[in-house]
J.: 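Pasting in a structure now, in structure tokens, and then I'll have a few things to ask.
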Amino acid sequence: MTDTEADITDAPRMSSRRGLFGIGAVLAAGAVAGEALVGEADAAEAATAAKKAFTGKQYPTASAAAKAAGRAHSNLFPHDPQAHLLRRATFGPRPKDVADLQRLGIDGWLHRQLNPSTIKDTRGNQAAALFPLEGARPGTILKRTKRYSWDAMLATAQATLARQIFSDRQLYEIVVDVFANRLHVPLPGEQWHTSPSFIKDVIRKHAFGSYEGMLLAAMKHPAMLNFLSNDESQRSNVNENLGRELLELHTVGRTAGYTEPMVRASAKILSGRTIDSDTGQYYFRAPWHWTGTVKVLGFSSANRSIYKGEAVGDAYLKYLAHHPATARNVARALAVRFVSDNPSTSLVNRLARVYLHHGTSIRAVVDAIFKSSDFWAAVGVRMRRPLEDAVGTLRVLDVKRAAGMQQPIGWLYWNLNDAGHTPYGWGPPNGYPDVAAAWLGAGAMLQRWNLHRAFVNGWWPKLGWTKPTRLVKRTSGMNTYQWTKAVARRVLGVTPSKAHLLAAIHGAKLSAPAPAPTDDWRAGKVVSLLLDSPYFQLR
């Protein structure tokens, strides 16, 4: 008997559903039609692992932090720091990403990703170029589209999907997504001719710059001013929307101790910042600015002159950007995205110190996350949201650009719209939730699984499809178990347990010792089930 035959014989025979959704599935899938997909022991283990506190430290390099973290604190994912990094710092690793990381090492790969201008992003730029109104400024939109048209807003959102799928600047695209939700303006929305440039000139421009710079730009951008009604705010009738959300969502947060009078003062400071309704351009309308003494937390100003009102506002925004509470909130938002739904207070405080020490640098905080042992210990505790699942699937399948590709990108956008997770599509000003509990549900999981099958089987034309039988090189005499093991490593970045490999094989109604499947329909069933599993749903 060969080693492979022994593996197959010794592994337990289990139902395809229960076996495939073993450890960790309580986070990844919830329940379908009221039927639990996990056993009690597996569910308990997953819940315990997800809540397990880990207090790490900062290290000089990311590789040193990875080494200090030791083995992965997960019974589902084997210890593999490089695979963990690719699951978190990309939407999904393409084979090229795997090869680049192996060639450059952890520190070299991260240095490159943290300096995206050094990456020649031909694929990402060409994919986004299919949507020429992406990020267009108001004047361009007014010239090229009908009034109140959604064309530029949809182009901007769909170009973002294209970049997420094809760009080699993956870490940058993830950080863009984080801050598009932190300083949020919805697309589509009433800001039909101003919101596209908000994404380009505020979020994308400053994503690896300073948060101070991003905040200053946001509070002078027509899209933000119109979305939160500051364009109507004048001394005789101050609108509190932007002043309130600036404190609650964009900077210090509710726990900072500001009061209702401070909210009103915040709004007064911002009065006079408005837009030209015809051109969609920002300008400061001095006669609309409220004058008089203002005080918010530790900031105060006599605010005597209408003509110096914009400068008072800028000073106020700089104060808020450098406030310790803002530092903790920005740090926590990034830690949630990259580490866990509930990052430790220790990690958040360490990152906040980096933020303040480096002049509100977003890049420095992201770099510090990877230099923390907290990141490297938090394996398999983050769940892919609907967009991340779809984009990640296309990337691990190494889907290529093809002529007419803007059509399936549009289909994907509307499919994700049904799932409630398009780029920039959240309606309220607080941005999409970024924790697992917000995205669990039977219907949501079924929608994910349907997309997996569509992508694996090439049902959407005009995408460069790789046939399931060609995802890995077939060797002479390769049986179904060996082939499934190789495919799992290829699309998941890890080798699942024997029990889970067999669950995928049995779920596809195949026999493990039989010759590897040669038809794409049967092979595609196995690949789809692997993508359905917690090995892909969890990161």
Side-chain angles (χ1 to χ4, degrees), residues 58-67 69 80-128 159-182 203-211 214 330-331 333-339 347 351 354-355 358 361-376 378-379 382 384 387-388 391-392 394-396 398 423 434 493 539:
Q58 297 303 123
Y59 292 85
T61 64
S63 59
K67 184 177 181 180
D80 190 336
Q82 290 197 351
H84 175 59
L85 176 60
L86 290 174
R87 285 193 297 269
R88 296 289 177 87
T90 72
F91 281 92
R94 291 180 179 274
K96 181 181 182 299
D97 298 319
V98 176
D100 285 347
L101 180 54
Q102 290 175 344
R103 174 174 56 85
L104 297 170
I106 288 173
D107 296 323
W109 188 86
L110 277 170
H111 177 78
R112 191 164 174 261
Q113 287 292 317
L114 285 163
N115 294 275
S117 62
T118 65
I119 302 173
K120 187 177 180 180
D121 194 24
T122 303
R123 291 189 302 181
N125 290 334
Q126 288 181 346
T160 293
L161 272 178
R163 290 184 188 276
Q164 290 169 346
I165 295 166
F166 293 102
S167 176
D168 290 326
R169 299 170 179 173
Q170 283 287 286
L171 184 57
Y172 170 76
E173 293 299 328
I174 292 173
V175 174
V176 165
D177 184 64
V178 172
F179 286 93
N181 284 289
R182 179 154 195 83
I203 304 301
R204 297 189 69 85
K205 180 178 179 179
H206 296 279
F208 269 175
S210 72
Y211 190 63
M214 183 182 285
V330 171
L334 288 165
V336 166
R337 174 56 62 91
F338 288 107
V339 181
L347 174 62
L351 297 178
V354 171
Y355 171 95
H358 290 273
S361 169
I362 296 168
R363 186 204 312 264
V365 177
V366 175
D367 183 36
I369 287 172
F370 297 111
K371 291 177 179 176
S372 73
S373 53
D374 308 70
F375 169 81
W376 299 97
V379 177
R382 288 289 286 133
R384 293 182 189 270
L387 180 149
E388 295 154 10
V391 170
L394 291 169
R395 287 187 62 84
V396 300
D398 204 21
D434 197 12
R539 294 182 289 131

J.: Which atom names give the shortest non-hydrogen contact between Pro81 and Ile106, and what distance separates them?
T.: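 Closest heavy-atom pair between Pro81 and Ile106: CB-CD1, 4.2 Å.
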J.: Start with the C-alpha distance between Val354 and Gln58, add both sets of side-chain angles, then the distance that settles side-chain contact (heavy atoms from CB on, under 4.5 Å), and finish with yes or no.
T.: CA-CA 11 Å; Val354 171; Gln58 297 303 123; 5.6 Å; no
J.: Calculate, to the nearest 0.5 Å, the distance between atoms CG and CG belonging to Asp367 and Asn115 respectively.
T.: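 So the CG of Asp367 and the CG of Asn115 are separated by 9.0 Å.
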J.: What's the verdict on side-chain contact (heavy atoms from CB on, under 4.5 Å) for Val379 and Arg87, showing C-alpha distance, side-chain angles and the deciding distance?
T.: CA-CA 9 Å; Val379 177; Arg87 285 193 297 269; 3.6 Å; yes
J.: Do the non-hydrogen side-chain atoms of Leu101 and Leu85 ever get within less than 4.5 Å of each other?
T.: yes
J.: Can you name the nearest heavy-atom pair linking Leu387 to Gln164, along with the distance?
T.: CD2-OE1, 3.3 Å
J.: Would a 4.5 Å heavy-atom cut-off, applied to side chains only, mark Leu161 and Pro423 as touching?
T.: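 Yes - at least one pair of side-chain heavy atoms lies under 4.5 Å apart.
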J.: Please name the pair of heavy atoms, one in Val365 and one in Ala331, separated by the smallest distance, quoted to 0.1 Å.
T.: CG1-CA, 4.5 Å
J.: Check for a donor-acceptor pair, side chain of Gln170 on one end and backbone N or O of Phe91 on the other, with a separation under 3.5 Å.
T.: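 Checking the backbone N and O of Phe91 against the side chain of Gln170, a donor-acceptor pair under 3.5 Å is found.
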J.: Give me the one residue out of Thr160, Asn125, Asp121 that meets side-chain hydrogen bond (donor to acceptor under 3.5 Å, both in side chains) with Ser167.
T.: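 Going through the options one by one, the only one that passes is Asp121.
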J.: Would a 4.5 Å heavy-atom cut-off, applied to side chains only, mark Arg204 and Glu173 as touching?
T.: yes
J.: Closer than 3.5 angstrom, by distance alone: can the side chain of Arg88 be matched with the main-chain N or O of Arg539 as a donor-acceptor pair?
T.: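 Judged by distance alone, yes, a pair lies under 3.5 Å.
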J.: Looking at Lys96 and Asp100, is any side-chain nitrogen of the basic one under 4.0 Å from a carboxylate oxygen of the acidic one?
T.: yes
J.: Let me confirm one number: the CG-CG distance from Leu110 to Leu171, rounded to the nearest 0.5 Å.
T.: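 Taking CG in Leu110 and CG in Leu171, the distance rounds to 7.0 Å.
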J.: For a 4.5 angstrom cut-off between non-hydrogen side-chain atoms, does Gln82 reach Val98?
T.: no
J.: How about Ser210 and Ile362: do any of their side-chain heavy atoms sit closer than 4.5 Å?
T.: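 Of all side-chain heavy-atom pairs linking Ile362 with Ser210, none is under 4.5 Å.
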J.: Starting at CZ of Arg112, measure out to CG of Asp107 and round the result to the nearest 0.5 Å.
T.: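 Between atom CZ of Arg112 and atom CG of Asp107 there are 15.0 Å.
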J.: Under the 3.5 angstrom rule, does the side chain of Trp376 hit a backbone N or O of Phe370 as a donor-acceptor pair?
T.: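 Yes: the side chain of Trp376 pairs with the backbone of Phe370.
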J.: Work out which heavy atom in Gly92 is nearest to a heavy atom in Asp97; give both atom names and the distance.
T.: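 Nearest pair, atom of Gly92 first, then Asp97: O-OD2, 3.9 Å.
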J.: Are Gln113 and Ile119 side-chain neighbours, meaning at least one heavy-atom pair lies under 4.5 Å?
T.: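 A side-chain contact under 4.5 Å exists here.
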J.: Grab the two heavy atoms, one from Ala62 and one from Lys371, that are nearest each other, plus how far apart they are.
T.: N-CG, 3.8 Å
J.: Given Asp434 and Arg382, is the salt bridge (Lys or Arg N to Asp or Glu O under 4.0 Å) satisfied, shown in steps?
T.: CA-CA 9 Å; Asp434 197 12; Arg382 288 289 286 133; 2.9 Å; yes
J.: For residues Asp80 and Gly493, report the shortest heavy-atom separation together with the two atoms involved.
T.: OD2-O, 4.2 Å
J.: Please tell me whether Phe208 and Tyr172 form a close aromatic pair, meaning their ring centres lie under 6.0 Å apart.
T.: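 Under 6.0 Å, so yes.
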J.: Taking C-beta and beyond as the side chain, do Phe375 and Leu347 meet within less than 4.5 Å on heavy atoms?
T.: no
J.: Taking side chain as C-beta onward, heavy atoms only, is Tyr211 less than 4.5 Å from Arg182?
T.: yes
J.: Would you find a donor on one side and an acceptor on the other, under 3.5 Å apart, between the side chain of Asp374 and the backbone of Ile369?
T.: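 A pair under 3.5 Å: no.
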J.: Got a donor-acceptor contact below 3.5 angstrom from the Arg395 side chain to the Ile165 backbone?
T.: yes
J.: Inspect the surroundings of NE2 in His358 and state if more than 12 heavy atoms from other residues, nucleotides or ligands are less than 6.0 Å away.
T.: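 Correct, the count exceeds 12.
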